[in-house]
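The structure appears right after this line, and notes come after that.
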Number of protein chains: 2
Amino acid sequence: MVENEAAQLDAVFHALSDATRRAMLHTLSTGERSIGELAAPFSMSLAGASKHVKVLECAGLVRREIRGRTHLCRLDAARLAEAQAWLRYYERFWTSRLDALDALLRAEDEKMENSK
Amino acid sequence: MVENEAAQLDAVFHALSDATRRAMLHTLSTGERSIGELAAPFSMSLAGASKHVKVLECAGLVRREIRGRTHLCRLDAARLAEAQAWLRYYERFWTSRLDALDALLRAEDEKMENSK
DNA sequence: CTCTAATTAAACCATATGGTTGAGAATGAA
DNA sequence: TTCATTCTCAACCATATGGTTTAATTAGAG
């Protein structure tokens, strides 16, 4: 559905940039759902909700199995893992301060130990 | 710049859904840059690149300090941490399989041990 | 076969997005 | 003051997005 690595991330992050779609993913985290079930919580036409599901599907976050006249959707988290992998590179920019704080506290501890 | 929690995530994920902006963030991960420096790698007008920086800034991913006539940008990773926190909920959907695989392999190991 | 239910498709609309160019607005340098 | 540098703003354009409504498709149920 998507060509290269960058376009892949484009699609995933774009799919995640809408609260309706994020809510749908959350619903799917509790089990398979039909399109109608996914659409139900929203004050939106079924066709509108269906488009959101399609965006999720095109991003590879949702897989669809057509069973009779209902389309069963399930979460496919692999692409979310890729998104998180991308984010992980930046982890040091918010853990470094915590590490610094940690080091500071550990130094305090040692001081306490030494003065005992 | 952004109101509620959901709109916050909307903005962050949308900012991340463009390869140009992701590249800019990566550049900023190596240190502060001016707008011109951020724009340089791209075959794009300066005004165009400037808009991308603005998107990053509005999402809270970049802070800007105006020094004279140059605008110095630096990465602000806090919002990336929030995005990762959102993704973390779904971690179990790609670690659970690994756990299952792990359990399976461990069972295999035990079988090997027993038959030794 | 007929009716209803589940879903997509198509056409349409308003607004957002990503890009351009050209014109300022500040600042630094000569 | 004058000129060049850095950057934003405004206007514009093509296309994408998020939504609608109406029609068509497909499948289960009576």
Side-chain angles (χ1 to χ4, degrees), chain A residues 1-4 6-25 27-28 31-74, chain B residues 1-4 6-25 27-28 31-74:
Chain A
M1 213 102 211
V2 180
E3 324 79 52
N4 53 71
Q8 183 59 63
L9 275 179
D10 284 7
V12 170
F13 281 129
H14 169 251
L16 296 183
S17 74
D18 183 285
T20 299
R21 290 191 290 263
R22 287 197 304 276
M24 285 178 166
L25 286 181
T27 300
L28 288 175
E32 299 186 340
R33 297 297 151 88
S34 70
I35 303 287
E37 287 170 333
L38 282 175
F42 307 103
S43 54
M44 184 189 302
S45 69
L46 192 77
S50 169
K51 282 208 218 174
H52 280 297
V53 176
K54 195 175 182 180
V55 170
L56 291 167
E57 195 184 10
C58 287
L61 297 173
V62 159
R63 266 180 305 165
R64 179 192 307 241
E65 183 193 352
I66 301 178
R67 284 189 62 169
R69 63 185 161 178
T70 81
H71 295 205
L72 250 273
C73 299
R74 77 169 57 86
Chain B
M1 214 100 210
V2 180
E3 324 77 54
N4 52 71
Q8 183 60 61
L9 275 180
D10 285 6
V12 169
F13 282 128
H14 169 251
L16 296 183
S17 74
D18 183 285
T20 300
R21 289 191 290 263
R22 287 196 304 275
M24 285 177 166
L25 285 181
T27 300
L28 288 175
E32 299 185 340
R33 297 296 150 88
S34 70
I35 302 288
E37 287 170 332
L38 282 175
F42 306 104
S43 54
M44 185 189 300
S45 68
L46 191 76
S50 169
K51 282 209 220 173
H52 280 297
V53 176
K54 196 175 183 179
V55 170
L56 291 168
E57 195 184 10
C58 287
L61 297 174
V62 159
R63 267 180 304 165
R64 178 192 308 241
E65 182 193 353
I66 301 177
R67 285 189 61 168
R69 62 185 161 179
T70 82
H71 295 204
L72 250 270
C73 298
R74 77 168 57 87

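Throughout, protein chains are lettered first and strands after them, A, B, ... in sequence-line order, and every chain is numbered starting at 1.
Rounded to whole Å, the distance from CZ on B:F13 to P on C:dA16 is 22 Å. If you measure from atom CG of A:D10 to atom P of D:dT17, you get 11 Å, rounded to the nearest angstrom. Nucleotide C:dA9 holds its P atom 10 Å from the CD atom of A:E57, rounded to whole Å. Taking atom CG of residue A:L46 and atom P of nucleotide C:dA5, one finds them 13 Å apart after rounding to whole Å. If you take CD of B:E65 and C1' of C:dT27, they are 16 Å apart, rounded to a whole angstrom. Per the geometry, NE2 belonging to B:H14 stands 6 Å off C1' belonging to C:dT17, to the nearest Å. Straight-line distance from the CZ atom of A:R21 to the C1' atom of D:dG18: 8 Å, rounded to whole Å. At whole-Å resolution of the value, CZ in B:F42 and P in C:dG18 are 13 Å apart.
Using a 4.0 Å heavy-atom cutoff across all strands shown, A:G48 reaches at least one base atom of the nucleic acid. The residue A:S34 sits close only to the backbone: its heavy atoms come under 4.0 Å of sugar-phosphate atoms, none of a base.
The residue among A:S43 and A:G68 whose nearest nucleotide of DNA chain D lies closer to the 5′ end is A:S43. When the nearest nucleotides of DNA chain D are assigned to A:S17 and B:I35 by heavy-atom distance, the more 5′-ward of the two goes with B:I35.
Atom CD of A:E57 and atom OG of A:S50 lie 9.0 Å apart (nearest 0.5 Å). Interatomic distance, CG of B:L28 versus CD of B:E37, reported as 10.0 Å (0.5 Å rounding). Here CD of A:E32 is found 11.0 Å from CG of A:L38. Values are rounded to the nearest 0.5 Å.
Between D:dT20 and A:S45, a contact under 4.0 Å exists linking OP1 or OP2 to a side-chain N or O. At the phosphate of C:dA9, OP1 or OP2 sits under 4.0 Å from a side-chain N or O atom of A:K54. The shortest distance between the side-chain N/O atoms of B:R67 and the OP1/OP2 oxygens of C:dT27 is not below 4.0 Å.
Side chain B:R69 to base C:dA26: no donor-acceptor pair is found below 3.5 Å.
The heavy-atom pair separating B:L46 from B:A39 by the smallest distance is CD1-CB, 3.7 Å.
For the pair B:R21 (side chain) and B:A15 (backbone), a donor-acceptor distance under 3.5 Å is present.
Checking D:dG19, D:dC7, C:dG19 against the side-chain heavy atoms of A:M44 singles out D:dG19 as nearest. Comparing C:dT7, D:dG18, C:dG18 by their nearest atom to the side chain of A:T70 picks out C:dT7.
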